[in-house]
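Everything on this sheet refers to the single structure shown next.
In listed order, ligands and their atoms are each counted from 1. The structure displayed is predicted, hence computed values, not measured ones.
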Amino acid sequence: MNKTSGGQAKLVVQSASKFYDTRSGPLHALDNYSMSVNDGEFVSVVGPSGCGKTTLLWSMAGLHSLSGGAVYLDGEAVTGPHPQIGMVFQDANLLPWRNLTKNIQFPFEIKRIQPDLARIEHLLERVGLQGFGNKFPRELSGGMQQRASIVRALSFNPSVLMMDEPFGALDAFTREEMNLLVEEIWLETRKTIVFITHNIAEAVFLSDRVHVMSARPGSLASVFEITYPRPRSLDLFATREMFDLVNEIKADIQRKPGPRVVDPLPPGQTKTPAVG
Ligand SMILES: Nc1ncnc2c1ncn2[C@@H]1O[C@H](COP(=O)(O)OP(=O)(O)OP(=O)(O)O)[C@@H](O)[C@H]1O
Ligand SMILES: [Mg+2]
């Protein structure tokens, strides 16, 4: 298992495999994927589109079941949505008929628990959304909406934050601002963060470690340790060192084999389901 020195494993993915049932048979999305994330670490996963990154993240968050293997958080198997895991998705997923404050409070309402209003207020202020609580999503920019979804994810004070391509829809300038914000929040809170992105430079800028996933079925292709000192400045993006590292990771992704045409049967299944 990939355990770096100095920390203790917070999250462990052990030989995770996932097959989806589709009308044309089982689709092998994730293959024997193992990773270990230490408490307070920032780990990114990069890989080509459709390789299984979201599948991995959903498995880690207990949002769907695995076909094989297991995920552990603090040594306990993750078998469903977990209160210690906050999620940020590619789309902010704000309800258009609720203002910002009511959107952030919505998960608390569903779970019938009292929101920590002081914490929410502090987080809104932290991401520069103070005074915007009564605005509706349509009145906010994409970057503001994503900042709100980060507040929503952190409002429970989870110990792990999982982010799935959170800034994919943002322009380059806003994206850089969001990268700085995420690093600042991480340095302040020392949450354990698992971050999915297509953007290799973003992954390098933010992470302690970058996992490269092969083309589907996603398996661990390589791991890059990123040792630039913190806090990192946006100037890092313009350095030769970073340029070379990003190209090295890109070349590594391109070297990996393409998708398999035929999916093997999932464990325990002996007959291919009827096509149609
Ligand atoms: N619910 C599902 N049912 C069937 N197939 C699925 C399902 N979700 C994902 N897949 C398939 O599994 C594979 C991996 O999908 P996944 O969304 O994990 O990839 P990804 O790496 O996150 O891609 P992207 O970078 O484009 O977001 C793809 O071939 C996708 O079509
Ligand atoms: Mg995805």
Donor + acceptor pair across side chains of S149, Q146 (<3.5 Å): yes
Pair K18-S59, side-chain donor/acceptor within less than 3.5 Å: no
Atom 28 (C) of ligand 1 touched by protein heavy atom at under 4.0 Å: yes
Region of T54 engaging ligand 1 - heavy atom pairs below 4.0 Å: both
Ligand 1 contact on M213 by region, counting heavy-atom pairs under 4.0 Å: neither
Short side-chain to backbone donor-acceptor contact, N103 and R98, under 3.5 Å: yes
N or O contact, T22 vs ligand 1, cut-off under 3.5 Å: no
Nearest-neighbour protein heavy atom for atom 14 (C) of ligand 1, which is reported as residue plus atom name and distance: G50 O, 3.3 Å
Closest protein heavy atom to atom 30 (C) of ligand 1, given as residue, atom name and distance to 0.1 Å: L27 CD2, 4.7 Å
Identity and distance of the protein heavy atom lying nearest atom 25 (O) of ligand 1: K53 NZ, 2.7 Å
Donor-acceptor side-chain pairing of S214 and S219 below 3.5 angstrom: yes
Protein heavy-atom partner closest to atom 15 (O) of ligand 1 - residue, atom, separation in Å: T55 OG1, 3.8 Å
Closest protein heavy atom to atom 9 (C) of ligand 1, given as residue, atom name and distance to 0.1 Å: Y20 CE1, 3.4 Å
Side chain, backbone, both or neither: the part of E165 lying under 4.0 Å from ligand 1 by heavy atom: neither
Side chain, backbone, both or neither: S49 near ligand 1, heavy atoms under 4.0 Å: both
Ring pair (Phe, Tyr, Trp, His ring centres under 6.0 Å) assessment of F156 paired with F108: CA-CA 9 Å; F156 286 93; F108 290 90; 4.3 Å; yes
S49 near the Mg ion (ligand 2) via N/O/S, less than 2.8 Å: no
Exercise: do Y20 and T55 side chains pair donor with acceptor under 3.5 Å: yes
N134 and K102 side chains, donor-acceptor separation under 3.5 Å: no
D21 N/O to ligand 1 N/O under 3.5 Å: no
N or O pair under 3.5 Å between A29 and ligand 1: no
Under-4.0 Å salt bridge between R126 and E184: yes
Any donor-acceptor N/O pair, E176 side chain to F173 backbone, under 3.5 Å: no
Lys/Arg-Asp/Glu bridge criterion (N-O < 4.0 Å) met for R230, E183: yes
contact_flag C51 ligand 1 heavy-atom lt 4.0 Å: yes
Where ligand 1 meets R216 - atom numbers and elements under 4.0 angstrom, heavy-atom basis: 13 (C), 29 (O)
